[in-house]
Protein chains: 2
Amino acid sequence: MDPKLGRMTLKEWVAIESDSVQPVPRFRQELFRMMAVAADTLQRLGARVASVDMGPQQLPDGQSLPIPPVILAELGSDPTKGTVCFYGHLDVQPADRGDGWLTDPYVLTEVDGKLYGRGATDNKGPVLAWINAVSAFRALEQDLPVNIKFIIEGMEEAGSVALEELVEKEKDRFFSGVDYIVISDNLWISQRKPAITYGTRGNSYFMVEVKCRDQDFHSGTFGGILHEPMADLVALLGSLVDSSGHILVPGIYDEVVPLTEEEINTYKAIHLDLEEYRNSSRVEKFLFDTKEEILMHLWRYPSLSIHGIEGAFDEPGTKTVIPGRVIGKFSIRLVPHMNVSAVEKQVTRHLEDVFSKRNSSNKMVVSMTLGLHPWIANIDDTQYLAAKRAIRTVFGTEPDMIRDGSTIPIAKMFQEIVHKSVVLIPLGAVDDGEHSQNEKINRWNYIEGTKLFAAFFLEMAQLH
Amino acid sequence: MDPKLGRMTLKEWVAIESDSVQPVPRFRQELFRMMAVAADTLQRLGARVASVDMGPQQLPDGQSLPIPPVILAELGSDPTKGTVCFYGHLDVQPADRGDGWLTDPYVLTEVDGKLYGRGATDNKGPVLAWINAVSAFRALEQDLPVNIKFIIEGMEEAGSVALEELVEKEKDRFFSGVDYIVISDNLWISQRKPAITYGTRGNSYFMVEVKCRDQDFHSGTFGGILHEPMADLVALLGSLVDSSGHILVPGIYDEVVPLTEEEINTYKAIHLDLEEYRNSSRVEKFLFDTKEEILMHLWRYPSLSIHGIEGAFDEPGTKTVIPGRVIGKFSIRLVPHMNVSAVEKQVTRHLEDVFSKRNSSNKMVVSMTLGLHPWIANIDDTQYLAAKRAIRTVFGTEPDMIRDGSTIPIAKMFQEIVHKSVVLIPLGAVDDGEHSQNEKINRWNYIEGTKLFAAFFLEMAQLH
């Protein structure tokens with residue numbers, strides 16, 4: 001075994017600022033470096049590795065940036081064994097020390113058994129756990145119980161740009177021998193009890209621009225005689241959702257699957273200590289008071305969140321500006337069987353209605369910049385059984401069978417293009433804070449997660 | 001005369017990034033440099049100069065920054081002459097090339113007779129025009145027709161921090177011999193016709209913070225079960241003003257001086273080409289269609305502008321974040337006889353009403369961070385007459401007698417503390433874009449403005 005293998009640590013991976021969200025050359029260079037480091041790691045593990053050039057990403061402003069390569073890797077091709085393909089991503093959400101991080105987001109820092117750092121749980125930690133599990137077999141000089149493939153990308157947080165085209169192209173090549181697809185890109189719903197995820201919400205991300213002119217105005221010189229773009233935008237954003245979280249866009253709930261008594265029972269079976277959940281989330285009060293309502297509103301009902309405004313005054317201090325052009329950003333988490341293009345039409349029509357009633361002389365433009373489908377799986381597939389057994393072996397408990405309120409569009413995509421069973425096996429605890437300040441993965445989750453993947457390989461070999 | 005005098009150019013002053021709005025050490029250092037350069041310039045002109053230490057500025061986050069010194073300077077003390085005190089400020093609004101500036105905001109750049117640069121018209125250009133007028137008498141080896149005093153500060157854009165205390169302290173010292181106070185810190189209302197300003201609006205600047213927790217949330221993991229702070233904030237901001245510009249805060253119009261037929265006639269006398277105004281402003285359509293309505297809504301009615309939101313996602317691109325804590329910023333331009341503390345109470349009560357109806361579990365805090373009084377002058381004072389004559393001499397026309405929608409709180413403050421006549425003599429054209437991107441002063445305005453001030457000295461000597 002290559003003695004350098006021990007050098008691939010989570011600390012080194014977290015140190016790479018592989019932010020795919022902010023479209024600037026510096027972060028893009030970091031993403032390329034991240035993918036090169038990962039390719040090198042897999043090669044040292046003995047895998048055949050291809051780094052696929054993904055071409056350029058067209059940005060809304062007309063410019064373009066190169067997309068980091070996608071890694072396709074293979075380890076073992078024994079026709080008597082099952083082949084499991086692991087998907088992971090090595091890009092991260094933006095992180096800035098000034099936004100409230102207690103430690104440098106790009107320096108993995110252990111405090112009380114928690115490993116803090118951007119990407120620690122989403123998704124660098126779980127990718128390394130899978131690699132560690134494989135290298136454990138290598139270190140013990142044992143044959144791998146299954147053939148392993150890897151597909152690892154660097155644009156997940158930006159909507160997996162161009163990935164679908166690649167998977168489509170590789171359907172009958174790289175994916176031809178694949179039997180199962182495993183993703184590990186979400187969280188448990190408790191601190192200590194593992195879970196298996198069989199569904200995720202989709203996401204439609206909208207931008208609504210209101211423009212008077214490109215320049216800003218001085219509020220003394222023009223305040224009182226303008227249709228101010230911020231007043232229009234605040235009214236538009238305020239028309240989207242009421243104070244109980246109900247989305248006000250007409251028709252938006254039409255295609256949501258009706259709730260049955262049987263489905264309610266599945267939520268009742270799930271372990272969720274509301275008190276612990278509130279404490280670990282540091283949220284005083286949720287919109288709902290029961291476990292079932294909370295789970296349903298995270299998993300099986302759509303939600304709408306307003307993310308922010310581009311072009312207005314956003315710094316500390318005071319500035320007496322009337323922004324001339326502002327862009328509101330919000331997104332709707334979609335559930336089965338909502339349709340992305342129907343939602344786009346409903347939202348656009350609603351905003352146009354609200355805007356036209358204001359008689360504003362400003363220009364409004366609505367665009368849906370991401371449209372990601374929801375996903376739901378058949379939980380009787382072989383690998384769901386194998387994952388449950390592995391969890392019993394490593395953790396001594398039944399898993400929570402859960403859905404995820406987040407969007408993991410590749411789950412849906414793999415199912416639709418590759419036509420193989422997809423499972424999500426999360427490793428992170430409920431309070432890991434993915435996408436937030438002070439993201440972390442617990443040392444315990446990272447190590448037991450590695451064991452879980454190794455046990456999963458063995459169970460898959462038995463069941464296949 | 002000191003041969004180095006020719007070196008004090010507007011280009012050099014604009015090159016100093018004297019931003020008083022963003023409370024960071026780098027800009028504060030630039031402000032100190034700016035005040036030192038100005039003190040040096042006045043000393044070379046032969047003035048007695050004192051740079052008054054202003055102590056520290058307490059910031060809302062508990063930190064403090066030093067306030068740049070205020071310059072008090074005197075040139076001539078002939079008891080047979082009148083004494084005119086000139087007020088100006090050398091700090092500027094924030095400016096960032098990326099916000100839509102066509103040239104570097106801190107490199108004065110001439111294009112078609114326009115001198116582009118942050119502070120060119122607000123207020124570095126007018127301060128230098130006054131200094132140039134004084135140095136013209138020096139260069140011609142003529143006695144100054146009046147005694148001149150200067151009070152020059154570096155915190156105007158941040159609300160003239162600590163200035164009032166200084167003026168109060170200097171009331172019977174520096175200001176004891178002062179007969180008239182001239183301010184030149186606003187704009188004409190046309191491209192070519194000069195104006196004299198006899199009133200300004202005040203300003204109450206509000207921050208409304210809505211907080212769930214300090215950390216942000218991931219909209220997949222928490223979307224659907226939270227009282228989202230952005231939804232609360234958008235509803236709060238959306239409750240402030242309707243689409244016709246009418247402020248919705250109960251009681252806010254109670255103290256506004258009733259409109260008389262006589263007052264309407266003063267607006268009718270003013271030259272304002274609406275077509276030209278629209279074109280120079282690059283605004284397709286204003287809220288009102290007549291000259292009188294537009295002037296009244298800029299000068300004698302309050303207005304409310306929403307400036308932006310701190311703490312939400314404000315960058316280009318997409319981010320699926322639920323901001324945990326956001327601060328909305330808006331301000332109300334006050335007119336005679338609105339009262340700052342009454343407005344503070346009305347706004348706070350209104351926001352508390354709106355917020356309580358939402359039954360949100362978030363915490364809301366309203367604070368008024370600036371409260372600046374409106375000002376109105378007696379236009380029969382001597383120096384108003386002198387200014388009119390000087391304008392006739394230099395420009396061959398009667399001035400527009402105007403008010404300013406902007407806030408120049410020191411006008412009100414000087415009148416209340418020093419009890420002397422205050423006049424505003426603007427030099428900049430209507431399209432100068434103060435506080436905006438691509439701020440400029442026309443070369444013509446800068447030079448004719450210098451002549452105007454020289455003529456004003458002569459007229460004052462005659463009338464005093």
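Every heavy atom of this structure was used, including side-chain atoms; hydrogens, water molecules and symmetry mates were not. Below, chains carry the letters A, B, ... as their sequence lines are ordered, and counting in each starts from 1. Keep in mind that what you see is a predicted model, and the values were worked out from it rather than measured.
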Can you tell which of A/Thr369, A/Val234, A/Asp314 has the highest number of heavy-atom pairs within less than 4.5 Å of chain B? A/Asp314
Ranking B/Asn359, B/Val21, B/Ile309, B/Ile322 by heavy-atom pairs under 4.5 Å to chain A gives rank one to B/Ile309
Quick one: do the A/Thr320 and B/His435 side chains pair a donor with an acceptor below 3.5 Å? yes
Is there side-chain contact between A/His227 and B/Ser243, with heavy atoms separated by less than 4.5 Å? no
Closest heavy-atom contact between A/Thr221 and B/Glu434? OG1-OE2, 3.2 Å
Sorted by chain and number, sequence neighbours left out, side chain to side chain contact (heavy atoms under 4.5 Å, CB included) with B/Ile247 holds for B/Val249, B/Ile252, B/Tyr253, B/Pro302, B/Leu304, B/Ile332
Let's test your reading of the structure: which of B/Val283, B/Val241, B/Asp214 forms the most heavy-atom pairs below 4.5 Å with chain A? B/Val283
Under 4.0 Å between a side-chain nitrogen and a carboxylate oxygen: does that hold for A/Glu157 and B/Lys319? no
What part of A/Tyr277 is in contact with chain B, defined as an atom under 4.5 angstrom from a non-hydrogen atom: side chain, backbone, both or neither? side chain
Chain A neighbours within residues 291-299 of chain B, where any heavy atom lies under 4.5 Å away: B/Ile294, B/His297, B/Leu298
With chain A, which of B/Lys285, B/Glu284, B/Met207 has the greatest number of heavy-atom pairs at distances under 4.5 Å? B/Lys285
Spell out, as yes or no, whether a donor-acceptor pair under 3.5 Å connects the side chain of A/Arg282 to the backbone of B/Arg213. no
